Structures are given as structure tokens and as C-alpha cells.
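Heads up: the structure comes next, in C-alpha cells.
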2 protein chains.
Amino acid sequence: MAKRVVPESARRRRRPTKRGQVLTHALIVETALRMLREHGADGLSARRLGLALGADASTVYRYFRGMDDLILAIADELFRHAMEDWRATGDWRADLRDLGLRIHHAYLAHPQAAVLTASRVTGRPNEVAGDETILGIVRGAGFADADAVRIYHAFIDQSLAFAILDAATLALPKAAREADEEVWRDTYARLPASTHPNIAATAPLLVARMNDSAYPTALDMLLSSASAQLTG
Amino acid sequence: MAKRVVPESARRRRRPTKRGQVLTHALIVETALRMLREHGADGLSARRLGLALGADASTVYRYFRGMDDLILAIADELFRHAMEDWRATGDWRADLRDLGLRIHHAYLAHPQAAVLTASRVTGRPNEVAGDETILGIVRGAGFADADAVRIYHAFIDQSLAFAILDAATLALPKAAREADEEVWRDTYARLPASTHPNIAATAPLLVARMNDSAYPTALDMLLSSASAQLTG
DNA sequence: GGTCAACGTCAATGGTGTTGGCATAAGGAG
DNA sequence: CTCCTTATGCCAACACCATTGACGTTGACC
């Protein structure tokens, strides 16, 4: 029954210690993250998660109303990592840059998890709580209200979007990247020569793109454009 | 056996017409796209796909070596849609803007499919073929070689990253968005008041963020920053 | 006409998320 | 102390999933 929302009430009631309670939301999320890191995206399942916790698969459903709910919690945990112990310096541009790189870094630390959470990357509790921080920084920089909102919006979505994309690339097993290279050669061999005159020069770039993130570049471009708006 | 790579050889051999052949790679991809659009992300499975094709589930495996392979093909189909019939105008900034919006638009036309393909969004045949086009535009604008690569890289990855993120948001069922709103209220009610002094002003922005994409803004900021680099 | 490869089906395997029912034990109430 | 509520965990079961090996069929080519 969908009405079995045990975790909610458990969180609310806050019974002092419980008896020999073995599991916690935090412990489950943590274990799930470890499983993802160690056994890949397909390594996470209710059964295996239960086993790793020394419990039954169905036990997980006492804490999360479904796999979706668990993944949501994982996604928010990543964002919590990003914001942990962060302090503003007062320099809006440096602060935003730092925050952006933190978010990116936190997601890339758990690539498999990041990919899994791609479908629910916005609107989670910790992420929502972080929005005020970011908006505060942008507003504090002196942008007009409408501009502040636009810049905040572009900044946070760009950060999350790149985090997902780069995590996905990072999560690809080596075999898949090599398979891709084969596909590339195949593709180019099939296309008329006129459409790929620069293949010799382009190919290395494609490989480089798989290994380096464009996020720092894109982030700096966004910040410099914002800065120009402010001074201009 | 993994060596049963029938589709590859079938593509290569190019046997004239086949007999009463019912299925094609293109037809299967097209059907899969329709299923995703109509029945959501969970509506796609080998069984249902086979059924929709008037065939058996296992038949799909004659054409794609697995679900991964099919999803890869779907992802590339989206990119092919984006580039279809595109023509350069000679104005690099307008061309890039047009291409970026096309990519974004093509993915958002199939949100469920876009989310599904998040894990393999780079390195596909059509996408790789499009890279030369983009690089050509950037180089033609007069950027130094290193700058051209940086800008090409930032542009294409930003476009794809936003496409995925925005598709994911768009693919969320209404119920999930409302559930999120509840979570927001819950979160804010739990946090100390000092950390969310602006909730009244912030909340509408969060809702707006779920409904509008920041991609055009981010794209324009990237282009204006690039332009400044060129003239400065 | 004979051979072979492509196509499609059938049946089976080992996995998945999820749920209802049952047992257990802690905490509070009397 | 006993009773009762409630959280917790396990068991068994359901429906579904992707994938594969064996098997027939049918067309195309030599």
C-alpha cells in the first residue's frame, strides 16, 4: 500500500533511540553510494542493498517508499557534500566560482550515482536550501532583481547540467570508450569525404573531450559575461 | 553469444531488399521513440517494444546487441533530428546560437528519451559527425586554434548538458513536481529561520525554474563572452 | 537445386522492484 | 507488573524484466 509511509512518520516522531535499531536513512544512503562506487550502476538493487546492510531487500522499503525515493535521497546527499562547510568570502565572483567547482567536484566524486540521479537533480531539499545562498551572493553583487534571477538560474542549472554530463562520461567503462572510437572510425569511413575534411585534426579533440571537462571554461565565460553586465 | 553481431554485418552487407523483412533499425528506433513519448520512460521494454512491432521481444536482439545499444541509437537519432536540414549562414554567432537551440529543442521534443540517453550522450556517430561542423564554424570565426577548441568544447557540452537537464525536468510527471513542493515546504519548516529569510521571495523562483529553461541565457552569455574574446 | 545466412519464435534463466502477512521487541499506559 | 501500540525486520510471492540458445522458415546467391 502506498500509504505505508513509515519513514516520514519515523522522521517526524523522533523516538529517542529505538531499541536494537540497525538501520538509518543515512546509513542506507551511504551504503548505496558505496555499492554504486564499487559495483557500478547496475550493482545497486534492493536485494543487494539489503544484503550489504545485513538485512532483507524488503527492509529498505521501511525507510524509503521506493527506489525512486532512495535515488532522490542519494542525489541530495551529493549536493549536501558540495555545500558542506562552505563559507562566503564576500567576493561574489570568487564565491560563485568556488561553489560551482564544488558542485561539479562533488558529483564527479560519485559518477555512477550522479548518472543515476540525472532525472531528479532539481528540487531536492538540500539543493533547494542552497538556492537561497546562491541567490544571496548574486543579489549581494549588485545586480538588478531581474538580472540576479537570470544569473542565478543560469549558474545553478549550468553547474548541475555539466555535473551530470561529465559524470556520465566519467562513468563509462573503458570498454565503452574504445567501442565508441571504433564507431567513430566506422562513421567517418562511411560518410562522404567532403563532410569530414578535418578528421585527422578533429579526432584527437574528440578523445580529449572524453577526458577533460569543459565546465571550468563554461563557468568562467558565464562569470565574465555577468561581470561585463555589471560594469557595463 | 556476444558474437552474434547481426546488425553490424547486415548494415555492411547491404543486401538489396531482403524478403518479407518486416523490421528495420530505423523502424525500431522510431517505434521506441513513440513508446517513450506515449507511455513514459518505464513504458519501454523489449517485450512491449516487440509487441508494438508485431513481433517477439527477442527479435529486437537481432537488430541491437542489447538495450544499451538501442538507447545509443535513440540518442543519436535525437541529434540527427537537431542537425536535419541545417545550413550555415556565415554569421558564426547566429549559426552557433541556431545550432544550440536546435539541439536543445530536439531533445526537449522527446523528454523521456532524452533522460534515458543521459549516460551516453557523447561519442555517437551523428553527434561526432556534427562536431566537425561546429568546429568549422568556430574556426571560421577567426579564433586562434587553442581558443577555438575551448569554445567548441564548451559550446557542445553545454548544449547537451542543458538538453538533458531540461528534458529531465520536463519529463517529471506533475505529481512529482507537486511532491517536490511539499518537500520544499517541509524542508523550510525544519530549517532554522536564519538560513531562509527570503523564502517568500525565493519560492516563486524555484517554481519558475521548473518551468523555464536557463539555456538561452547561458548560451547568450557564452556567445557574448566568446565575442568579447575575439574583439578584445 | 543446394547451401547459407538472415529472420523470427519459443522456452527458459536469473535477475528486478514491490507488497502483504507474520513475528518480534521496545516504549508507554494502566 | 501486564497490556497494547508501534516500529522494525523477514518470508514468500507476484509480475515483470533483459537476455540467450535451440529451432524452424524463407529468401538470395552460386
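A, B, ... follow the sequence lines: proteins, then strands. Residue 1 opens every chain. Source: prediction; values computed, not measured.
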Compile the donor-acceptor pairs under 3.5 Å between side chains in residues 43-55 of chain A and protein atoms, sequence neighbours left out, one pair per line.
residue	atom	partner	partner atom	Å
Ser45(A)	OG	Arg48(A)	N	3.2
Arg48(A)	NE	Gly43(A)	O	3.0

Report summary line: Testing dC10(D), dT16(C), dT9(C) for proximity to the side chain of Asp56(B), the answer is dT9(C)
**Report entry** OP1 or OP2 of dA7(D) under 4.0 Å from side-chain N/O of Tyr63(A)
**Finding:** no
Query raised in the report: Taking the nucleotide of DNA chain D with the closest heavy atom to each, which residue, Gly66(B) or Ala55(A), is nearer the 5' end?
Result: Ala55(A)
Requested in this report: Output the single nucleotide from dT18(C), dT19(D), dT9(C) whose closest atom is nearest the side chain of Ala46(A).
Outcome: dT18(C)
Query raised in the report: Rounded to whole angstrom units, what separation is found between the CZ atom of Arg62(A) and the C1' atom of dC22(C)?
Result: 10 Å
**Report entry** Donor + acceptor pair across side chains of Tyr215(A), Ser159(A) (<3.5 Å)
**Finding:** yes
Query - Sequence-distant partners of Leu108(B), side chain to side chain contact (heavy atoms under 4.5 Å, CB included), two or more places apart - result: His104(B), Asp166(B), Ala167(B), Leu170(B)
Query raised in the report: Tell me: CG of Leu51(A) to P of dG17(C), nearest whole Å?
Result: 13 Å
Query raised in the report: Once you round it to whole Å, what is the distance between C1' of dG17(C) and CG of Asp68(A)?
Result: 11 Å
Query raised in the report: Choosing from dC10(D), dA18(D), dT18(C), which nucleotide comes nearest the side chain of Met67(B)?
Result: dA18(D)
Query - Interface residues of residues 28-45 of chain B with DNA chain C (non-hydrogen, below 4.0 angstrom) - result: none
Would you tabulate the side-chain donor-acceptor contacts of residues 70-86 of chain B under 3.5 Å, counting partners in other chains and residues two or more places apart, or write 'none'?
residue	atom	partner	partner atom	Å
Asp76(B)	OD1	Arg124(B)	NH1	3.3
Asp76(B)	OD1	Asn126(B)	N	3.1
Asp76(B)	OD1	Glu127(B)	N	3.2
Asp76(B)	OD2	Asn126(B)	N	2.7
Asp76(B)	OD2	Asn126(B)	ND2	3.1
Glu77(B)	OE1	Arg80(B)	NE	3.2
Glu77(B)	OE2	Arg80(B)	NH2	2.9
Glu77(B)	OE2	His81(B)	NE2	3.0
Arg80(B)	NH1	Glu84(B)	OE2	3.2
Trp86(B)	NE1	Asp98(B)	OD2	3.0

Please list, one pair per line, the donor and acceptor atoms closer than 3.5 Å that link side chains of residues 112-119 of chain B to other protein atoms, with sequence neighbours excluded.
residue	atom	partner	partner atom	Å
Gln112(B)	OE1	Ala41(B)	N	3.3
Thr117(B)	OG1	Ala113(B)	O	3.4
Thr117(B)	OG1	Ala114(B)	O	2.9

Report summary line: Sorted by chain and number, sequence neighbours left out, side chain to side chain contact (heavy atoms under 4.5 Å, CB included) with Ala218(B) holds for Ala154(A), Gln158(B), Phe162(B)
Query raised in the report: Between dA22(D) atom P and Tyr61(B) atom OH, what is the distance in whole Å?
Result: 18 Å
Report task. Write down the distance between CG (Leu49(A)) and P (dT16(C)), rounded to a whole number of angstrom. Result -> 11 Å
Query raised in the report: Choosing from dC17(D), dT18(C), dT9(C), which nucleotide comes nearest the side chain of Arg47(A)?
Result: dT18(C)
Query raised in the report: To the nearest Å, how far apart are Leu23(A) CG and dC10(D) C1'?
Result: 12 Å
Query raised in the report: Across the strands shown, which category fits Gly50(B) at heavy-atom distances under 4.0 angstrom: base, sugar-phosphate, nothing?
Result: nothing
Query raised in the report: Could you give the CD1-to-P distance, from Ile71(B) to dA18(D), as a whole number of Å?
Result: 9 Å
Requested in this report: Consider the side chain of Arg48(B), meaning its heavy atoms from C-beta on, and name the nucleotide among dC17(D), dT19(D), dT18(C) that approaches it most closely.
Outcome: dC17(D)
Requested in this report: Would you tell me if any nitrogen or oxygen in the side chain of Ser58(B) comes within less than 4.0 Å of OP1 or OP2 on dT20(D)?
Outcome: no
Requested in this report: Identify the two heavy atoms, one from Asp212(B) and one from His153(A), that lie closest to each other, and give their separation to 0.1 Å.
Outcome: O-CE1, 3.1 Å
